[in-house]
Colleague: 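For reference, the structure I am asking about is given below.
Numbering of residues begins at 1 and proceeds along the displayed sequence. Order of listing sets the numbers, starting from 1, for every ligand and every atom in it. As the structure is a computational prediction, the values presented were derived from the model and not from experiment.
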Amino acid sequence: MDFDTQINRFGTHSVKWDMMEPMFGVPASDGIAMWVADMEFRPPACIQQALDAMLAHGLYGYFGDEAVYLAAIQWWMKTRHGWDVAPEAVFTTHGLVNGTALCVEAFTAPGDAVVLTTPVYHAFARVIKAAGRGVTECPLVLRQGQQEMDFAAWDALMTGKERMFILCSPHNPGGRVWSVAELQGVADFCQRHDLVLVSDEIHHDLVMPGQKHTVMARIDGVADCLVIVTATTKTFNIAGAHIGNVIIHDKGLRDKFAVTMMKMGISPNSFGMFMATAAYSAQGAAWVDDLVRYLDENRRVFDAGVNAIPGVRSLALQATYLAWVDFAGTGMTAPEFTARVEKGARIAVNHGAPFGKGGENYLRFNIACPRAQVVEAVARLQAAFSDLQ
Ligand SMILES: Cc1ncc(COP(=O)(O)O)c(C=O)c1O
């Protein structure tokens, strides 16, 4: 597996690279794109081969018969996550922003509220608000440099309008792999407040060596209120395929979700189906194992370099390739430290504020790139903040 080669993505309609200059003012000539969560790596050969076979056949009609695809999902979840998935529990959506938006539509009504543990993946709030629902932000707390939940404080924040809780597990940004006790706390919280629990586990394969992700389905007391969303797209770098799994074992929730799928007219994209089926395979698994080792070393290199800048601290990622970096200790305002990163270091990053309360002093850096790019980014950042040394 080659993760070291830098592949030029300019002019390919890559949002990450082609929109870097228009959106952030980071010059295409020598800027580094470390924002959007896709990787600079080609997916495993098994995915390319599946696409090659489609292209060779040359017909692109409607997709039917999901048996092989569903068996691949079952195999992956069982072998990689110790989780038994019933084929009838799986819905195929056009990605997980779509899947989450469908959950909001299916399980809440206009005027209801959805609980988010902030800072959290910014698209959650976007789809909730666009659907005319409210967001109840339950802030994570930082203890010894690690994000933690605070259920007692969260109980006090409930307004009575909440109908759903979206958990990000592992957490983006910050990369926490939630413990069984924390997940049990979420389950109990949802029972206490009568909330449908949507557990977004899109990052569940990108867990650093030594860490263990627990599927929410293995936690007691949530079976009747649980929706789990997963995907091949983040794991295998095929986000443009826009395909995701919404997995619902509870019959009542499943029936409601099925109506929403029908109402929205959603049916599978054949490219995504072929790619996802190929991904959930022994070849795919071997690639992911190598990938995670590479990301772990990237993380070490990035953190060591960035944490050497006085006042800057990167949270230790337990999962994901999305480094969450706190600039509060520099004493600078968000516009000041952001300008140093974008204009000084010429690196495009995600700004912290859209992730919700607690994100204001942070920037998110995507480190899923060749190591040389991480090294270059670190050198630029150290130079941009060199007056603090
Ligand atoms: C937690 C989380 N959910 C969903 C998504 C996006 O999913 P999709 O590309 O399938 O819409 C992301 C992308 O970064 C994510 O981090």
Colleague: Would you kindly say whether T136 and E162 are connected by a side-chain donor-acceptor distance under 3.5 Å?
Modeller: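 T136 vs E162: donor-acceptor pair found between side chains.
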Colleague: Report the residue from W35, F302, Y321 that forms a ring pair (Phe, Tyr, Trp, His ring centres under 6.0 Å) with F365.
Modeller: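 Exactly one candidate clears the test, F302.
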Colleague: Taking the ring of F385 and the ring of F337, is the distance between their centroids below 6.0 Å?
Modeller: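 Not under 6.0 Å, so no.
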Colleague: So if I apply the side chain to side chain donor-acceptor pair (under 3.5 Å) rule between N245 and each of T232, T230, T93, which one comes out positive?
Modeller: T230
Colleague: Only heavy atoms count here, so choose which of H122, K234, H171 is nearest to atom 14 (O) of ligand 1.
Modeller: K234
Colleague: Using ring centroids (six-membered ring only for Trp), state whether F189 and F165 fall under 6.0 Å.
Modeller: yes
Colleague: For I202, is at least one N or O under 3.5 Å away from an N or O on ligand 1?
Modeller: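 No, there is no polar N/O contact under 3.5 Å.
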Colleague: Taking the six-membered ring for Trp, are Y294 and W287 closer than 6.0 Å centroid to centroid?
Modeller: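 Y294 vs W287: aromatic centres not under 6.0 Å.
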Colleague: Students should be able to answer this: which protein heavy-atom is nearest to atom 5 (C) of ligand 1, and at what distance?
Modeller: Y121 CE2, 3.4 Å
Colleague: Pick from R299, H213, R176: which one makes a side chain to side chain donor-acceptor pair (under 3.5 Å) with Q318?
Modeller: R176
Colleague: Pull out every atom of ligand 1 sitting under 4.0 Å from any heavy atom of V97, numbered as shown with elements.
Modeller: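 With V97 as reference, the close atoms of ligand 1 come out as 6 (C), 7 (O), 8 (P), 11 (O).
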Colleague: Taking 4.0 angstrom as the limit and counting only heavy atoms of A37, give me the atoms of ligand 1 inside it, by number and element.
Modeller: 14 (O)
Colleague: Check each atom of ligand 1 against the heavy atoms of H203 and keep those under 4.0 Å away; list them by number with element.
Modeller: 1 (C), 15 (C), 16 (O)
Colleague: What residue and heavy atom of the protein are closest to atom 10 (O) of ligand 1, and at what distance?
Modeller: L96 N, 2.6 Å
Colleague: Heavy atom under 4.0 Å from ligand 1: found in N172's side chain, backbone, both, or neither?
Modeller: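 Just the side chain.
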Colleague: Any idea which protein heavy atom is nearest atom 3 (N) of ligand 1, and the distance to it?
Modeller: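 Closest protein heavy atom to atom 3 (N) of ligand 1: D200 OD2, 2.6 Å.
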Colleague: Counting from 1, what ligand 1 atoms have a heavy atom of C168 closer than 4.0 Å?
Modeller: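 With C168 as reference, the close atoms of ligand 1 come out as 1 (C).
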